[in-house]
Q: 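Right, I'll just put the structure down here and ask away after.
The chains referred to below are lettered A, B, ... by the order of the sequence lines, with proteins before strands, and numbering in each begins at 1.
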Amino acid sequence: MKESYFPQEIEKKWQKVWEDTKAFKTPDESDKPKYYALSMFPYPSGKLHMGHVRNYTITDVIARFKKANGFNVLHPIGWDSFGLPAENAAMQHNADPETWTDENIAYMTKQLKMLGLSYDWDREVTTCKPDYYKWTQWLFLQLYKKGLVYKKEAAVNWCDKCGTVLANEQVIDGKCWRCDSVVEKKYLSQWFIKITDYAEVLLEDLDKLPGWGDNVKTMQANWIGKSSGAIFKFPVVDAPNGEKIEVPVYTTRPDTVFGITYLVVAPEYKDIEKLTTPENKQAVEEYRANARKMTEIERLSTERVKTGVPLGTHCKNPFNGEIFPLWTADYALVEYGTGAVMAVPTHDTRDFDFAKKYNLPMKVVIENPQNPSDCSSEAYIEPGVLVNSGEFNGMKNDEAKKSITQWAVDKGFGEFKTQYRLRDWLISRQRYWGAPIPVVYCDKCGIQPVPEEQLPVLLPKDVDFKVVGKSPITTSKTFKDTICPICGGHATRETDTMDTFVCSSWYYLRYSDAKNSEKCFDRAKVNHWLPVDQYVGGIEHAILHLLYSRFFTKALRDCGLLDFDEPFKNLLTQGMVLKDGSKMSKSKGNTVDPDEIFENYGADTARLFILSDSPPARDFDWSDAGVEGCYKFLNRVWRLISSNQDNIKLDYKLNFPLSKENDDLVRNVHISIKGITNDISNDFQFNTVISKYRELTNAIYEWQAKKSNLTDEDKNVLSFAIVSLIKLMSPVAVHLTEEAWHDLGGVGSIHEQPWCEWDENLAKSSSITLVVQVNGKVKDKIEVDESLDQEEMKQVALNSEKIKALTEGKTVVKVIVVPKKLVNIVVK
RNA sequence: GCUCCAGUGGCGGAAUCGGUAGACGCGUUGGACUUAAAAUCCAAUUGGGCGUAUAACCCAGUGCCAGUUCAAGUCUGGCCUGGAGCACCA
């Protein structure tokens, strides 16, 4: 072993050995229990960034720890490689998106290998390759057969810069999730996946996921947005032409129906024209035209004053016979509930604002105990007792919700209704670089799915990427025309491709059987490996990817393809990597290039540092000094091993009893093993794991400083300590420990060694510090033998000189003894 | 506005159950080694009483205010600040 630590040299050497020997290949068959550790797979953007380094290092350490603890570990990697950046690069450099993607994958693969990650490269998947997207298309067809895919004309989110529609989940604050452009509304016929069929079970099953953080679960629950209420139908009394129309309304406040003073329909409400009188027609038309023009941003602004216009018609309240006017206003949303709202200004803040502005009447129906008579200053939305509500007077409002709805059900104009905020998933994209939607349009037979045996529908090569205003795929001369699978006549192919989130919604399944060319995956294999035991990735996917994947798993279970219904048993959402307190970004110029770190310090330093400073779930502030510190520490460990090489034997034997100093070091090692094992097992607290590496290293150095000549016992103890340290550090400093293991004469790889075990009796110090408190404040600390019983501890404490001085002349009221820890003396 | 998370030295953070607050590191300061530097090693480092070395002691202290308890960073209630998510969702 060399005297100095040359990480670049040893890292290259071992990376080659691991690659040549396929050291991390995972067999499907094994006597060991399975463990599936997974990182969210990267988009091949060109280069790894520090967020990747953090993500993959965390998962890699988990995978290695589980492997050392006797599991058959699946730890795969792949590429989420469809998407717009490849197409943009193609446009700018006139390159083929595939070539651009392949080059990026090659470069990033090299970087991943330089990080020393323990992937089974034989299971690599790449979503843009036909051997993968064939199965994305096949799964689309299975969902189609199951009735979970449909096409409809709808108002959709349109990003002009990306030239494509977006799913609801991909609109953040009214802007595109990718490019931040303002999203517009367009009316288009598009493909949707019926995720709303699964709204209830996606919500309910969050309870089946104790291994997920509450933050992610509440975000998903909010997104699904379940509410319970009722639908009531209100008959229109004066519709033009004497038509008999009813307006159904969804409400979560059936208890306030006696307080309705007007009714609002959305500007886009389908029957709005039938509800408008000729006198009001012009004003209503103008209002609707205005609403259409407004951008998402304007519409969402909370500062906006509510506006609306009356339709001129009226409804009858079937609960009390009152007549009230109909209005249209854009605070009613056409896509939620029935698109119509019953307005109770006294008990809803929005209705209150609107009624104030337009001088509409108000009627109190729930009494505010603080202020029974007043309703003029603000809406009362707290619980209370019903008034002015006929036979329901005196009822508590939460009971009244049920009774009033039931009354309406009995009379035939109401029903109990559960409503969700979640919308169906729009998967059409007017882009080239995605999986083609496997559907054709026959002149005679209409929409026809492509037969499974014709898959994959390949992306055409003869396209013009510089085309503006339409998808490049439409410029192909060979793609569009085809024949109908039913009648054999002329048909045209769907030119939309699928949202890349479809590809990433099932990749974790494919790893179980990545090279299968006959099937999407083998049933036995997928059910063996899944669900993923530990999933690690960024919080930014809390809704998008994680919700879609949960849906896919449930839908495929219902298609009979899977035996489980949740894909990810445990989820770790890692924090962001920051520099100087803000997110690393090219525009801020505060990025750190992983290549430079590998070159200057080596991958082991990068791995150690990225885990050392913060717990995985928290944001991590990158500091150059911190990297330096980790590098110094690895040098310190290296020196400890290399300077002792002649004293260390792998077949050391400890003969008890040991001398006091040796006993202390042995205990220290056991304490470290226990602590490190527990810290990894409990929520992967790698920052404290690394503290403990340092503590143990310091303890060995301190022990050594007291020794001039080593006896046989000393050498055995030192060997035990150093070999344990190497094993404990092996999941993190993967190259250094491999080199050390090899140079000490170890057989095989350190990464094949079982994890260290500890002895509970030795994993504690030989004496304990008895803390003595007076009235709860620490006044003395006494080293005592741990065998003392409670009475003896009490006596030791009371006999302490310090305590005697403090308690003199006072009455001891009470003495509390915490075994092996503490005595608290309460005095007056 | 609603929901969730967080708040501990100069900084990152530590503290299974309520039981020694500040582990470990970064930074800073001083020292050793060296012609010098780097590297390495040693020491100090929450604030105040405290002013000169040393030793000791005392007081305060985990965002703020209350409470429970022999004992609160940890539990309860109310607030403040920051971050994230949702948002005219009836």
Q: To the side chain of A/Ser614, which of B/A90, B/G13, B/C88 is closest?
A: B/G13

Q: From CG of A/Asn215 over to C1' of B/U3, roughly how many Å is that when rounded to an integer?
A: 12 Å

Q: Assign each of A/Arg636 and A/Ser612 to its nearest nucleotide of RNA chain B by heavy atoms, then name whichever residue's nucleotide is nearer the 5' end.
A: A/Ser612

Q: Enumerate all atom pairs, one protein N or O and one N or O from nucleotides 20-27 of chain B, separated by less than 3.5 Å.
A:
{"from": "B/U20", "atom 1": "O2", "to": "A/Lys781", "atom 2": "NZ", "distance (Å)": "2.8"}
{"from": "B/A23", "atom 1": "O2'", "to": "A/Glu695", "atom 2": "OE2", "distance (Å)": "3.0"}
{"from": "B/A23", "atom 1": "N1", "to": "A/Ser691", "atom 2": "OG", "distance (Å)": "3.3"}
{"from": "B/G25", "atom 1": "OP1", "to": "A/Asn698", "atom 2": "ND2", "distance (Å)": "3.3"}

Q: Check RNA chain B for consecutive Watson-Crick or G-U pairs with both distances under 3.5 Å and list the runs of at least three as stems.
A: B:1-7 with B:80-86, B:10-12 with B:24-26, B:27-32 with B:40-45, B:46-49 with B:57-60, B:63-67 with B:75-79

Q: Mind checking ring pair (Phe, Tyr, Trp, His ring centres under 6.0 Å) for A/Tyr336 and listing every partner two or more places apart, or none if nothing turns up?
A: none

Q: Just checking A/Glu702: base, sugar-phosphate only, or nothing, at a heavy-atom cut-off of under 4.0 Å?
A: nothing

Q: Provide a list of protein-nucleic acid N or O atom pairs under 3.5 angstrom, restricted to nucleotides 59-61 of chain B.
A:
{"from": "B/A60", "atom 1": "OP2", "to": "A/Lys777", "atom 2": "NZ", "distance (Å)": "3.4"}

Q: Taking the minimum atom-to-atom distance to the side chain of A/Trp223, which one of B/C86, B/G19, B/C88 wins?
A: B/C86

Q: Remember a base hit wins even if backbone is also touched, and classify A/Asn824 as base, sugar-phosphate or nothing at under 4.0 Å, heavy atoms.
A: base

Q: Listing request: all salt bridge (Lys or Arg N to Asp or Glu O under 4.0 Å) pairs with a residue in residues 687-706 of chain A, at least two apart in sequence or in separate chains.
A: A/Asp679-A/Lys692

Q: Of all residues at least two apart in sequence or in a different chain, which pass the salt bridge (charged side-chain N to carboxylate O under 4.0 Å, His left out) check with A/Lys357?
A: none

Q: Name the closest nucleotide to the A/Ile816 side chain, picking from B/C4, B/C70, B/C86.
A: B/C70

